[in-house]
Amino acid sequence: MHIQAHVSLKEDTTFHVPATARYLVEIDKQSDIRALRSDPVLAVLPWHVLGAGSNVLLTHDIDGVVLRNRYQQIRLVKEDETSVWLSVGGGLNWDTFVRHTVEQGLWGLENLAAIPGTVGAAPVQNIGAYGTEVQDAITRVQALHLLTGERHEFRNAECEFGYRTSVFKGRLKGQYIIHRVTFRLRKLAHGHPNLMYDSVRERLVGKDEKQLTPLDIYEAVSAIRAERLPDPKQEGNAGSFFKNPEVDADYFHQLQQKWPDIPHHQLVDGSYKIPAAWLIEACGWKGRCLSGTDACVSSRHALVLINRGQATGAQILQLAEAIQTDVNHTFGIHLEPEVIIL
Ligand code: EPU
């Protein structure tokens with residue numbers, strides 16, 4: 001366990017906005033939580049969990065304890081003819097883990113290539129991209145209760161996964177730190193590529209589908225992301241800032257009458273998902289900044305809010321609110337942030 005006091009968090013979130021934490025505590029084992037709870041100073045402060053800070057916007061200093069899981073081991077839990085089960089430390093970098101799996105020829109996570117963040121953060125918001133959500137591969141999540149330090153094991157169904165959400169972001173928000181996550185992955189001969197997205201298929205054109213490996217998909221998705229999304233190392237950002245909204249069929253048809261080009265995707269329940277990026281761009285926000293600040297909408301992708309250098313978290317939040325107001329005014333749709341705002 002490692003404890004630091006009065007720490008800058010500027011380099012600890014991918015938005016790179018200024019903020020400090022009264023204490024930053026890095027844990028790696030289960031007993032660390034109990035030890036911290038017995039400390040009279042730390043125990044009475046509010047605790048917040050931070051992974052790689054790639055899906056969080058800090059709008060003020062944290063007058064409390066910021067906790068980070070450093071446990072990074074990968075363990076083989078079991079194996080049968082078709083699959084392997086890996087239990088992975090929540091502190092491991094997500095892409096390092098995905099790269100490891102595709103290099104072993106394992107199917108399951110290849111469409112989730114190049115997503116910033118940690119293994120422990122992946123189930124919290126059920127990361128998803130190019131037709132895969134991490135819930136498809138997770139069998140169990142081992143989490144430590146922040147008050148008692150007890151270890152709780154959540155089976156997949158108990159994680160209450162949804163679109164960019166889970167029980168850890170919803171009902172049990174702020175109560176646990178994810179210690180380990182168990183994944184079931186398919187062996188090379190027992191899985192197949194998920195080519196549901198045109199952009200992935202187009203990248204692989206000319207290749208024999210039967211010969212494709214998890215590494216081929218990983219590389220295709222990484223290349224698409226590098227082209228489309230701004231790199232947080234160059235322009236602070238947390239990927240998509242809002243969720244793509246869903247509207248019922250009646251409302252969608254009203255919108256379509258007024259905006260015949262509105263992109264959409266029909267869901268199994270008959271409702272429609274509309275790309276938030278399109279709504280934001282249609283309101284004229286793409287590439288624009290909050291006046292006099294470095295809080296901007298990326299000119300590469302309208303769903304990504306960026307810090308061009310000196311923006312504060314409060315300014316980025318103000319920008320997000322201005323966008324919400326405009327989209328609501330124009331389309332009657334409320335955009336819900338995907339990013340966690342602290
Ligand atoms: N579009 C615009 N303007 C833009 C960008 C996109 O109008 O500047 C429209 C286009 O019509 C495009 C559509 O939006 O076809 C969808 O764009 P894209 O394929 O980039 O996907 P997205 O819906 O914006 C979602 C996820 C991403 C994920 C991609 C690919 C959410 C909130 N975001 O983005 O996830 O990588 O699909 O599967 O569901 C993240 O969560 O941080 C993230 C990056």
Side-chain angles (χ1 to χ4, degrees), residues 14-16 51-55 74 88 92-119 121-122 125-137 163-164 183 185-188 191-244 263 265 273 275-278 280-281 286-287 296-308 338-339:
T14 55
F15 262 123
H16 302 302
S54 59
N55 199 48
I74 302 178
V88 188
L92 185 62
N93 173 274
W94 173 256
D95 193 50
T96 303
F97 170 55
V98 175
R99 175 106 212 160
H100 168 86
T101 66
V102 299
E103 279 170 354
Q104 314 280 312
L106 296 170
W107 294 104
L109 303 176
E110 59 284 354
N111 291 45
L112 302 175
I115 297 181
T118 58
V119 167
Q125 77 141 1
N126 187 19
I127 56 170
Y130 302 100
T132 299
E133 285 183 319
V134 76
Q135 65 165 324
D136 306 333
Y163 169 52
R164 292 297 189 280
F183 300 86
L185 303 168
R186 304 259 169 204
K187 293 184 177 172
L188 194 59
H192 53 84
N194 172 351
L195 300 171
M196 203 155 106
Y197 270 56
D198 294 345
S199 48
V200 179
R201 250 197 333 267
E202 284 157 14
R203 271 272 154 184
L204 295 161
V205 113
K207 298 212 176 180
D208 178 359
E209 204 179 303
K210 291 196 192 69
Q211 302 293 319
L212 288 174
T213 65
L215 186 59
D216 293 329
I217 309 293
Y218 173 93
E219 281 172 348
V221 170
S222 301
I224 297 169
R225 290 186 74 97
E227 261 172 34
R228 290 210 182 152
L229 297 168
D231 178 356
K233 287 193 199 93
Q234 276 149 31
E235 291 179 317
N237 75 79
S240 303
F241 193 91
F242 299 103
K243 293 186 192 183
N244 287 324
H265 167 70
K273 199 176 248 189
W278 188 87
I280 296 169
E281 187 168 346
K286 190 168 178 175
C296 306
V297 178
S298 168
S299 49
R300 296 173 71 176
H301 199 300
L303 194 47
V304 183
L305 305 195
I306 57 170
N307 171 8
R308 277 219 181 128
E338 185 220 79
V339 166

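- Of all the heavy atoms in Trp94 and Leu112, the pair that sits closest is NE1-O, 3.0 Å.
- The two atoms that bring Asp95 and Ala113 nearest to each other are OD1-C, 3.9 Å, heavy atoms only.
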Intermediate values then yes/no, side chain to side chain contact (heavy atoms under 4.5 Å, CB included), Arg308 and Ile306: CA-CA 6 Å; Arg308 277 219 181 128; Ile306 57 170; 4.0 Å; yes
Leu195 vs Leu212, side chain to side chain contact (heavy atoms under 4.5 Å, CB included): CA-CA, chis, key distance, verdict: CA-CA 11 Å; Leu195 300 171; Leu212 288 174; 4.1 Å; yes
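- The closest side-chain heavy-atom distance from Phe242 to Ile280 is below 4.5 Å.
- The side chain to side chain contact (heavy atoms under 4.5 Å, CB included) check on Lys286 picks up Glu281, Ala302, with sequence neighbours excluded.
- With contacts defined as side-chain heavy-atom distances shorter than 4.5 Å, the pair Leu229/Ile224 does not qualify.
- Contact check on Glu110 versus Arg99 returns no salt bridge, with no Lys/Arg side-chain nitrogen under 4.0 Å from an Asp/Glu carboxylate oxygen.
- At distances below 3.5 Å, at least one donor-acceptor pair connects side-chain atoms of Ser54 with backbone N or O atoms of Pro116.
- In this structure, Leu109 and Val102 have side chains that are not in contact, with every pair of non-hydrogen atoms separated by 4.5 Å or more.
- Salt-bridge annotation for Lys243 and Glu338: absent, with no side-chain N of the basic residue lying under 4.0 Å from a carboxylate O of the acidic one.
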Which is it for Glu235 and Arg300 under the salt bridge (Lys or Arg N to Asp or Glu O under 4.0 Å) test, yes or no, and what are the steps along the way? CA-CA 11 Å; Glu235 291 179 317; Arg300 296 173 71 176; 5.7 Å; no
Given Tyr130 and Asn194, is the side chain to side chain contact (heavy atoms under 4.5 Å, CB included) satisfied, shown in steps? CA-CA 8 Å; Tyr130 302 100; Asn194 172 351; over 6 Å; no
Trace of the side chain to side chain contact (heavy atoms under 4.5 Å, CB included) decision for Trp107 with Ile217: CA-CA 10 Å; Trp107 294 104; Ile217 309 293; 4.2 Å; yes
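- Inter-residue side-chain proximity for Ile127 and Glu133 is flagged as unmet; no heavy-atom pair is nearer than 4.5 Å.
- Evaluation of the salt bridge (charged side-chain N to carboxylate O under 4.0 Å, His left out) rule for Arg186 yields no partner, not counting sequence neighbours.
- For the pair Asn126 (side chain) and Tyr163 (backbone), a donor-acceptor distance under 3.5 Å is absent.
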